[in-house]
Visitor: 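This is the structure I have questions about; it appears just below.
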Amino acid sequence: MIKITLPDGSVREFEKSVTGLQIAEDISPRLAKEVLAISINDELSDLTRPIYEDANIILHKFEDDEGKHAFWHTSAHILAEAIEALFPGTKFGIGPAIENGFYYDIELAEGKTLSENDFPAINKKMLELCQQNNPVVRKEVSKAEAISTFEKKGDNYKTELISELEDGTISFYQQGNFTDLCRGPHLPSTGYIKAIQVLSLAGAYWRGDETRKQLTRVYAISFPKQKMLQEYLLMLEEAKKRDHRKIGKELELFHFSQKVGMGMALWLPKGTMLRDLLESWLTEELKKRNYEMVKTPHIGHIDLYKTSGHYEKYGKDSFQAIQTPAEGEAFMLKPMNCPHHVEIFKARQYSYRDLPYRMAEFGTVYRYEQHGELHGLTRVRSFTQDDAHVFCRPDQVKDEFKKIIELVMYVFKSLNFTEYKAQISLRDPKDKTKYIGSDENWDKAEQAIQEAAEEMGLKPKIELGEAAFYGPKLDFMVKDALGRTWQLGTIQVDYNLPERFELEYKGSDNEMHRPIMIHRAIFGSMERFVAVLIEHTAGKFPLWLSPQQIVLLPISEKFNNYSKKVLELLKKYDIRGEIDDRNEKIGRKIRDNELKRIPYLLIVGEKEVESNTVSVRKQGQGDLGIMSPENFAELINKEIQEYFNN
RNA sequence: GCCAAUGUAGCUCAGGGGUAGAGCACUUCCUUGGUAAGGAAGAGGUCAUGGGUUCAAUUCCCAUCAUUGGCUCCA
């Protein structure tokens, strides 16, 4: 008998060679139905693999990343099996599970191509293979045997992969007539997959190497329930509707011009209003938290970036330096704000009592992004960071992290991002040599970050080896209304710049000490954040952020003057809006302004003029009845207040 | 930067070797209206740019630029 310990700490005894599936059955038949993979002593494995020794196990369902991974990985094999059946002679590269579904890189037989027209046939075949409920069988093979298997098939991609593996660690998985090289784990059988569908095609280099052959990448997704696939496809459709590039155009928020240059957004009046509202709101929050606002130029002397190290690392891949005509001095468009902020810090001397010094700027930076990488507002060459740097003593790192986490959480909550995750990136414990800064400082900072996150109620994922060379960090990933994740906030410790710029403060011991610098951004870039906000809200911004909160709709032009009077009055209550005085019928005006996602429409006609009222219509809800303009102003200002109080 | 697709009116898109098309938007006129599209007329294009083939190119070919989807990169 062996002892199996479950995640809740309970221990059960089983015969030697018990499998994960049998353990699940022992716990509950329902669990046995849902479980997809197992972790045995933190190592991911198949449910059908026997366990011979005492072990800690975790059973994974589709809801867990690990379960999804196994599910989609097996699905990738189904995709390959279907393609092999339909397109004999296809060579296979790799076919991993990804965040949303899976893909397989393939090379079709000479002269054959794959197009969207082939999707229905592949889908049909895949479903058929799933319904056959073929068992997925693991087989361990020797290297020689593995290579000869794929040599016989003429699949040079697989043989290349195998040739890099160590003998004795190679496993094949077989389902139906299809065998693939794979580490696993996999589902016990293909019948778990109830819905499966090809999504798109793309080109991808073999092993991501642009000097090598380009393969066809087939993206697909699968689910344990048909309904889940339908929901996913609906979500994709909705995402298309919410595309910030489309809504940005419709709502006249921003524009791109080839003449100005690609990847450089032009902010239209309404987009600028939105950005200004976000910026001034955040500025107020920063001031409450004792940040000091600064402003720095858009360019900086090349020596600044030589000192910071950015020139050496990124100089070649940046916009090239510009020179003064007379002296030939070189300046760079600033790719980061931090060197400028460091120079502000250096403008005077500091005592340990002066720290922390929190410095913030909405700083516009310029980076040469490769042209294929540009995408709407999310990848641009000119963007404004909501940047801040905290200069502090080592003993203050934890407290500063807590304060920044508080701010990040406040901002997310205020903007209705209710779901988010945190990730802490630490040093690679196996190789500490590639990091700058003392061992002692790193240990202290890494501990401080983890404690700070813990005490703020975050449950961060810890990633070893993901830290930058200059310091550990804490990143925030938010989930939007469609369940997509976006990386927004980041908090990073930096030992590098204080070192390079020789920053100092005088300690209580009357000795000079080096401060620690913390970089942090909450929105990240205003451009990107506005894009995320647009897609999160589908352009229906919260009332306080709407560039136009109201539009007055006169029934006919006879009521234009009254509308103007009402608008002037509402402006006194800080309400933003305009009058739709087009020569159109009221139905038309309502339709057009609803489509512009105006939160409130105020209809005025004869009735309203006589009673000195407005007829209020709320976006998405329709007619709210009539009230005086003053009452309406109070109503919406109350709505905004309540928004922040919740 | 690499691969592929795309580029036609302000926007969304149809078309196609021989005088350039629609809907919406725009302008003017009619209409002065009551909670999601009132009517008519008009204006608007070097068919991305540069070459080539052709009697003739917006259409076919090549190159360039841009956009989109991927790949690679990302302080």
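Lettering of chains follows the sequences in order, A, B, ..., and the numbering in each one begins at 1.
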Visitor: List the protein contact pattern of nucleotides 34-47 of chain B with one symbol per nucleotide (5' to 3'): B for base contact, S for sugar-phosphate-only contact, - for none; contact means a heavy-atom distance under 4.0 Å.
Guide: BBBBB---------
Visitor: Locate the shortest heavy-atom distance separating A:Leu374 from A:Arg381; write the atom from each residue and the value.
Guide: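 That closest heavy-atom pairing would be CD2-CG, 3.9 Å.
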Visitor: Using a heavy-atom distance cut-off of less than 4.0 Å, which residues of residues 522-536 of chain A contact RNA chain B?
Guide: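 Going residue by residue through residues 522-536 of chain A, none turns out to have a heavy atom under 4.0 Å of RNA chain B.
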Visitor: With sequence neighbours excluded, give me every side chain to side chain donor-acceptor pair (under 3.5 Å) pair touching residues 335-346 of chain A.
Guide: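 Output for this query lists A:Lys334-A:Asn337, A:Asn337-A:Gln385, A:Asn337-A:Asp387, A:His341-A:Glu361, A:His341-A:His389.
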Visitor: For residues 486-501 of chain A, which residue pairs pass the salt bridge (Lys or Arg N to Asp or Glu O under 4.0 Å) check, not counting sequence neighbours?
Guide: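 Sorted pair list: A:Glu499-A:Arg514.
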Visitor: Any chance you could encode RNA chain B as dot-bracket? Rule is Watson-Crick or G-U wobble with both distances under 3.5 Å; [ ] for pairs crossing earlier ones, | for another strand.
Guide: (((((((..((((....[..)))).(((((.......))))).....(((((..]....))))))))))))....
Visitor: Once side chain to side chain donor-acceptor pair (under 3.5 Å) is applied, what residue pairs with a partner in residues 553-563 of chain A remain, sequence neighbours excluded?
Guide: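 Only A:Tyr562-A:Asn612 qualify under side chain to side chain donor-acceptor pair (under 3.5 Å).
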Visitor: Among residues at least two apart in sequence or on other chains, which ones pass side-chain hydrogen bond (donor to acceptor under 3.5 Å, both in side chains) with A:Glu466?
Guide: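 Testing A:Glu466 for side-chain hydrogen bond (donor to acceptor under 3.5 Å, both in side chains), a comparison that skips the adjacent residues, returns none.
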Visitor: Tell me which residues in residues 469-478 of chain A lie within less than 4.0 Å of RNA chain B, going by non-hydrogen atoms.
Guide: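 Residues of residues 469-478 of chain A under 4.0 Å from RNA chain B: none.
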Visitor: Does the side chain of A:Lys558 get closer than 4.0 angstrom to OP1 or OP2 of B:G33 through an N or O atom?
Guide: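 The answer is yes; a side-chain N or O of A:Lys558 sits under 4.0 Å from OP1 or OP2.
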Visitor: Regarding A:Leu553, tell me which of base, sugar-phosphate or nothing describes its non-hydrogen contacts under 4.0 Å with the strands shown.
Guide: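 It contacts nothing in the nucleic acid.
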Visitor: Within the structure, does a side-chain N or O atom of A:Tyr368 lie under 4.0 Å from either OP1 or OP2 of B:A75?
Guide: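 So the side chain of A:Tyr368 is outside the cut-off, no N or O lying under 4.0 Å from OP1 or OP2 of B:A75.
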Visitor: In residues 253-260 of chain A, which residues come under 4.0 Å of RNA chain B by heavy atom?
Guide: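 Close to the strand are A:Gln258.
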Visitor: My understanding is that only residues two or more places apart in sequence, or in another chain, count here; which of them pass side-chain hydrogen bond (donor to acceptor under 3.5 Å, both in side chains) with A:His536?
Guide: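 Residues passing side-chain hydrogen bond (donor to acceptor under 3.5 Å, both in side chains) with A:His536: none at all.
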Visitor: For A:Asn156, enumerate each residue passing the side-chain hydrogen bond (donor to acceptor under 3.5 Å, both in side chains) test, keeping only those at least two apart in sequence or located in another chain.
Guide: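 Checked A:Asn156 against side-chain hydrogen bond (donor to acceptor under 3.5 Å, both in side chains); matches are A:Lys91.
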Visitor: Please identify each residue that fulfils side-chain hydrogen bond (donor to acceptor under 3.5 Å, both in side chains) with A:Arg207, with sequence neighbours left out.
Guide: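 Once residues adjacent in sequence are excluded, the partners of A:Arg207 under the side-chain hydrogen bond (donor to acceptor under 3.5 Å, both in side chains) criterion are A:Glu160, A:Glu164.
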Visitor: Any side-chain N or O of A:Arg245 below 4.0 angstrom from OP1/OP2 of B:U68?
Guide: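 So the side-chain polar atoms of A:Arg245 do come within 4.0 Å of the phosphate oxygens OP1 or OP2 of B:U68, strictly under.
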